[in-house]
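Heads up: the structure comes next, in structure tokens.
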Amino acid sequence: MSQPSPASSNDAKKSATPLERALDKNEAVKETVEQSAAELVIVNAVLNQELPDHVQTGDVAQALQKTSELETRIQDSAEELHQVNEALAQEIDERTQLEGKLAKTEAALAKATGKPAP
């Protein structure tokens with residue numbers, strides 16, 4: 001699969017609607033959050049495996065607990081971003097459909113009145 005050239009990618013970004021640009025940014029953030037969550041899972045697993053139970057006390061135990069809590073929060077945030085992105089994608093689709101209907105209606109009106117379409 002070939003990658004779009006940087007020029008065509010930039011042209012596509014320029015022609016994108018504000019909602020499409022917001023969706024693209026949210027997708028990038030979601031990927032970063034998901035990657036961070038995955039890395040935190042690994043760090044937490046290594047720490048839990050490598051540190052003997054008798055060492056996992058006091059500040060170390062609190063740090064391990066915090067990394068576990070952060071892992072959950074980051075994963076929850078990634079899921080929320082996914083849901084927001086789905087809503088944005090749906091809004092983009094609905095607007096695109098409405099814009100198409102509007103254009104057809106304007107063309108039909110222009111044809112009926114003998115005036116050029118806007």
Please tabulate, one pair per line, all N/O donor-acceptor pairs under 3.5 Å involving side-chain atoms of residues 33-44, not counting sequence neighbours.
| from | atom 1 | to | atom 2 | distance (Å) |
| --- | --- | --- | --- | --- |
| Ser36 | OG | Thr32 | O | 2.9 |
| Asn44 | OD1 | Thr67 | OG1 | 2.7 |
| Asn44 | ND2 | Glu71 | OE1 | 3.4 |

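- Annotation for Asn85 and Leu23: closest pair O-CD1, 3.4 Å, computed over non-hydrogen atoms.
- A 6.0 Å sphere centred on CG of Asp59 holds no more than 12 heavy atoms belonging to other residues, nucleotides or ligands.
- Between the Glu20 side chain and the Thr17 main chain, a donor and an acceptor come within less than 3.5 Å of each other.
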The test is side-chain hydrogen bond (donor to acceptor under 3.5 Å, both in side chains); show your working for Gln90 and Glu86 and say whether it passes. CA-CA 6 Å; Gln90 183 177 353; Glu86 284 183 344; over 6 Å; no

How far apart are the C-alpha atoms of Asp76 and Thr72, what are their side-chain angles, what is the distance that settles it, and do they pass the side chain to side chain contact (heavy atoms under 4.5 Å, CB included) test? CA-CA 6 Å; Asp76 290 347; Thr72 301; 3.8 Å; yes

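- Between Arg95 and Glu91 there is a salt bridge, since a side-chain N of the basic residue sits under 4.0 Å from a carboxylate O of the acidic one.
- Under the side chain to side chain contact (heavy atoms under 4.5 Å, CB included) criterion, Gln83 pairs with Glu79, sequence neighbours left out.
- In this structure, CD in Gln75 is found 12.5 Å from CD in Glu80, a value given to the nearest 0.5 Å.
- In the hydrophobic cluster analysis, where Ile, Leu, Val, Met, Phe, Trp and Tyr join through side-chain heavy atoms closer than 4.5 angstrom, Val29 is grouped apart from Leu88.
- Leu70 and Leu81 fall within the same hydrophobic cluster, defined by Ile, Leu, Val, Met, Phe, Trp and Tyr side-chain heavy atoms under 4.5 Å apart, directly or through other members.
- A distance of 10.5 Å separates CD in Glu99 from CD in Gln97, rounded to the nearest 0.5 Å.
- Within the 4.5 Å cutoff, side-chain heavy atoms of Val60 are placed close to those of Leu64.
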